[in-house]
Amino acid sequence: MISLTADRFGMVNLPNLGYIRTEPYNIVPVDLSTLTGLIPNPFVKNSKIRLCLHPTDLLAYAKDVSFHEPVEDTLYKNENALSVATTFLHKQLPDFWSLITSVTREFVVFSSPNHNSFAGIMHHGTAYFNTENKIQTPVFFIDDISHQCGHIIFNVITLDTPKYLKVPKDHPLKNYSTNPGEMRGAYGAFHGLFTYTCILHVLDEVLQSQYFTNENLRFEVLGRIGFYLHKFYLDLKLMDNPEILTDAGLDFHRQFSEGFQEIFARYKKEIQGFDYSNQPYTFQYDRFMESNLLSKNM
């Protein structure tokens with residue numbers, strides 16, 4: 001017999017077994033020898049990636065975090081779009097999907113007004129996607145899976161960080177930047193170069209393969225490409241610095257730069273007139289639609 005405490009949403013997570021649903025913060029006596037009636041763990045189709053019905057401790061106890069609704073509700077609202085996204089990755093980019101599934105053990109789909117999507121070394125193998133109180137499109141999940149799982153992949157690749165950075169991971173970049181709001185450390189910006197590469201590689205495949213015929217979805221992809229190319233360009237300039245990167249790090253930078261040039265050359269005419277002035281830190285398609293006309297750009 002053991003006693004387990006439910007989280008704020010009334011979920012008790014039993015690793016590898018499933019969930020018990022009860023009242024928030026309720027203490028539940030559990031007899032593991034006669035355990036029945038568990039809610040089974042859901043998984044991404046054709047993978048071993050678990051779809052969490054709880055926020056995990058890392059997110060649940062993040063400083064000042066709040067949620068619009070239980071994680072379980074957010075997942076079910078967005079489950080179809082998430083499935084379309086993972087099916088696309090599995091079918092169209094099997095090598096990249098294989099990389100993702102080799103290092104990722106679970107997805108957490110949540111909705112919060114004050115916490116971005118993320119993936120961190122502190123909870124390695126888990127990717128967190130904030131839907132921001134919206135029912136998101138498959139393109140959102142294609143983008144965010146590439147982004148957050150890109151972080152997980154790059155954490156593995158660059159585990160021996162001094163091989164790539166001459167400075168500590170948290171070395172501030174504000175002294176190298178003209179942006180007064182630059183608050184990142186060197187390793188965070190280095191990660192960004194890889195995640196932009198992943199995102200743009202995948203979004204390019206969406207358009208080139210013509211996987212989606214819906215014009216709104218294709219326009220969203222194009223808007224995201226322009227949004228990330230701008231950020232990518234600025235970070236490539238910022239990180240092209242032998243004071244920050246070792247020769248191995250600069251070799252990665254060269255490869256990232258080549259990827260940027262290829263994607264930029266392919267889409268520069270289509271994205272040239274886009275207005276991103278109303279965009280916050282993360283891309284918002286509804287805001288993009290307000291400042292850009294689909295018919296004009298498609």
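Computation of the quantities below employed the complete heavy-atom set of this structure, encompassing side-chain atoms and omitting hydrogens, waters and symmetry-equivalent molecules. For the single chain, residues carry numbers from 1 onward in sequence order.
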Checklist outcome for this item: Here the gap from Phe232 atom CZ to Gln261 atom CD, rounded to the nearest 0.5 Å, amounts to 9.5 Å

Checklist entry - Do His68 and Lys134 have side chains that get closer than 4.5 Å, going by heavy atoms? => result no

Item to check | Under the salt bridge (Lys or Arg N to Asp or Glu O under 4.0 Å) test, residues paired with Arg287 that sit two or more places apart | outcome: none

Next on the checklist: Between Arg50 (side chain only) and Asn41 (backbone N and O only), is there a donor and an acceptor less than 3.5 Å apart?
Outcome noted: no

Checklist entry - Is there a donor in the side chain of Asp7 and an acceptor in the side chain of Tyr25, or the other way round, less than 3.5 Å apart? => result no

Next on the checklist: Can you confirm whether more than 12 heavy atoms, excluding those of Met122, are under 6.0 Å from its CE atom?
Outcome noted: no

Item to check | Straight-line distance of Leu173 CG to Asp235 CG, nearest 0.5 Å | outcome: 8.5 Å

Checklist entry - Can you tell if the side chain of Gln279 reaches within under 4.5 Å of the side chain of Gln284, non-hydrogen atoms only? => result yes

Item to check | side chain to side chain contact (heavy atoms under 4.5 Å, CB included) between Tyr211 and Lys91, intermediate numbers included | outcome: CA-CA 10 Å; Tyr211 191 84; Lys91 286 184 175 180; 4.2 Å; yes

Next on the checklist: For Leu59 and Val65: C-alpha separation, side-chain torsions, deciding distance, then whether side chain to side chain contact (heavy atoms under 4.5 Å, CB included) applies.
Outcome noted: CA-CA 8 Å; Leu59 179 60; Val65 68; 4.1 Å; yes

Checklist entry - Should Val84 and Phe212 count as side-chain neighbours, where that means a heavy-atom distance under 4.5 Å? => result yes

Next on the checklist: Ring centroids only, cut at 6.0 angstrom: are Tyr228 and Phe283 within range, meaning strictly under it?
Outcome noted: no

Item to check | Heavy-atom closest contact (Asn179 atom, Ser177 atom, distance) | outcome: N-OG, 2.9 Å

Checklist entry - Yes or no on salt bridge (Lys or Arg N to Asp or Glu O under 4.0 Å) for Glu79 and Lys77, after CA distance, side-chain angles and deciding distance? => result CA-CA 6 Å; Glu79 201 166 18; Lys77 285 180 181 178; over 6 Å; no

Next on the checklist: Could you check whether any side-chain N or O of Thr137 sits under 3.5 Å from a backbone N or O of Phe140, counting only pairs where one atom can act as donor and the other as acceptor?
Outcome noted: yes

Next on the checklist: I'd like to check Phe67 versus Arg8 (side-chain heavy atoms, cut-off strictly below 4.5 Å). Are they in contact?
Outcome noted: yes

Item to check | Joint hydrophobic cluster, Tyr76 plus Met11, side-chain heavy atoms closer than 4.5 Å | outcome: yes

Next on the checklist: Is there a path of hydrophobic side-chain contacts, each under 4.5 Å between heavy atoms of I/L/V/M/F/W/Y residues, joining Leu159 to Tyr164?
Outcome noted: no

Checklist entry - Which heavy-atom pair separates Pro24 from Phe9 by the least distance, and what is that distance? => result CG-C, 4.4 Å

Checklist entry - Mind checking whether Val28 and Met1 sit in one hydrophobic cluster, side chains of I, L, V, M, F, W, Y counted as touching below 4.5 Å? => result no

Item to check | SB check Arg254 Asp251 (cutoff 4.0 Å) | outcome: yes

Item to check | Pair Glu270 + Lys268, salt bridge at N-O below 4.0 Å | outcome: no

Checklist entry - Can you find a side-chain donor-acceptor pair between His171 and Tyr187 that sits under 3.5 Å? => result no

Checklist entry - Hey, is the main chain of Val221 close enough, under 3.5 Å, to the side chain of Tyr285 for a donor-acceptor pair? => result no

Next on the checklist: Are Phe219 and Phe288 an aromatic pair, judged by ring center distance below 6.0 Å?
Outcome noted: yes

Checklist entry - Can the ring centres of Tyr19 and His54 be said to be less than 6.0 Å apart? => result yes

Checklist entry - Going through the distances and angles, do Ile225 and Arg266 end up as a side chain to side chain contact (heavy atoms under 4.5 Å, CB included)? => result CA-CA 11 Å; Ile225 287 174; Arg266 188 170 295 155; over 6 Å; no

Checklist entry - Distance under 6.0 Å and angle within 45° of the ring axis: does Lys231 meet both against Tyr281? => result yes

Checklist entry - So which heavy atom on Cys149 is nearest to which on Phe107, and how close? => result SG-CE2, 3.9 Å

Item to check | Evaluation steps, side chain to side chain contact (heavy atoms under 4.5 Å, CB included), between Asp144 and Tyr128 | outcome: CA-CA 9 Å; Asp144 220 11; Tyr128 297 81; over 6 Å; no

Next on the checklist: Using 30° and 60° as the class boundaries, would you call the ring planes of Phe256 and Phe252 parallel, tilted or perpendicular?
Outcome noted: parallel

Checklist entry - Does the side chain of Leu165 reach to within under 4.5 Å of the side chain of Thr246, using non-hydrogen atoms? => result no

Next on the checklist: If we count only N and O atoms by modelled type, under 3.5 Å, do the side chains of Glu106 and Thr104 hold a donor and an acceptor together?
Outcome noted: no

Checklist entry - Where do Ala119 and Ala127 come nearest, in terms of heavy atoms and distance? => result CB-CA, 4.4 Å

Next on the checklist: Under a 3.5 Å distance rule, please check whether Asn26 uses its side chain to pair with a backbone N or O of Thr5 as donor and acceptor.
Outcome noted: no

Item to check | Cationic N near anionic O, under 4.0 Å, Asp247 to Lys163 | outcome: no

Item to check | Test item: Val109 and Leu82 side chains (from C-beta on) under 4.5 Å apart, heavy atoms | outcome: yes

Next on the checklist: Looking at Gln208, I'd like to know if its CD atom is crowded, meaning that more than 12 non-hydrogen atoms belonging to other residues, nucleotides or ligands lie closer than 6.0 Å.
Outcome noted: yes

Item to check | Output field: ring centroids Tyr233/Phe264 closer than 6.0 Å | outcome: no

Next on the checklist: More than 12 heavy atoms of other residues, nucleotides or ligands under 6.0 Å from CE of Met289: yes or no?
Outcome noted: yes

Checklist entry - Does any N or O in the side chain of Ser146 come within less than 3.5 Å of the main-chain N or O of Ile142, such that one atom is a donor and the other an acceptor? => result yes

Checklist entry - Phe110, Ile49: one ILVMFWY side-chain cluster at the under-4.5 Å cut-off? => result no

Checklist entry - Do other residues, nucleotides or ligands put more than 12 heavy atoms under 6.0 Å from the NE2 atom of His124? => result yes

Item to check | Asp286 atom CG, neighbour heavy-atom count above 12 within 6.0 Å | outcome: yes

Checklist entry - Can you list the steps and then say if Tyr276 with Asn292 is a side chain to side chain donor-acceptor pair (under 3.5 Å)? => result CA-CA 9 Å; Tyr276 293 101; Asn292 297 276; over 6 Å; no

Next on the checklist: With a 3.5 Å distance limit and no angle check, can you tell me whether Thr161 reaches the backbone of Thr158 through a side-chain donor-acceptor pair?
Outcome noted: yes

Item to check | Flag, side chain of Ser112 to backbone of Ser66, donor-acceptor distance under 3.5 Å | outcome: yes

Checklist entry - Does any N or O in the side chain of Glu182 come within less than 3.5 Å of the main-chain N or O of Arg184, such that one atom is a donor and the other an acceptor? => result yes

Next on the checklist: Can you confirm whether His151 sits close enough to Ile153 that some side-chain heavy atom of one is under 4.5 Å from a side-chain heavy atom of the other?
Outcome noted: no

Checklist entry - At their closest point, which heavy atom of Pro42 faces which heavy atom of Leu53, and how far apart are they? => result CG-CD2, 3.9 Å

Item to check | Exercise: identify the closest heavy-atom pair between Ser33 and Asp31 | outcome: OG-OD1, 2.6 Å

Checklist entry - Will you find, in the side chains of Thr131 and Gln136, an N or O donor that is under 3.5 Å from an N or O acceptor? => result no

Checklist outcome for this item: Interatomic distance, CE@Met239 vs NE2@His253, rounded to 0.5 Å, equals 7.5 Å

Can you list, pair by pair, the side-chain donor-acceptor contacts under 3.5 Å of residues 193-202, counting residues two or more places apart and other chains?
| from | atom 1 | to | atom 2 | distance (Å) |
| --- | --- | --- | --- | --- |
| Thr195 | OG1 | His191 | O | 3.4 |
| Thr195 | OG1 | Gly192 | O | 3.1 |
| Thr197 | OG1 | Leu193 | O | 2.8 |

Checklist entry - Between the main-chain N or O of Thr74 and the side-chain N or O of Asn78, is there a donor-acceptor pair closer than 3.5 Å? => result yes

Checklist entry - Counting heavy atoms not belonging to Leu38, are there more than 12 under 6.0 Å from its CG? => result yes

Checklist entry - Are the side chain of Asn130 and the backbone N or O of His115 linked by a donor-acceptor pair below 3.5 Å? => result yes

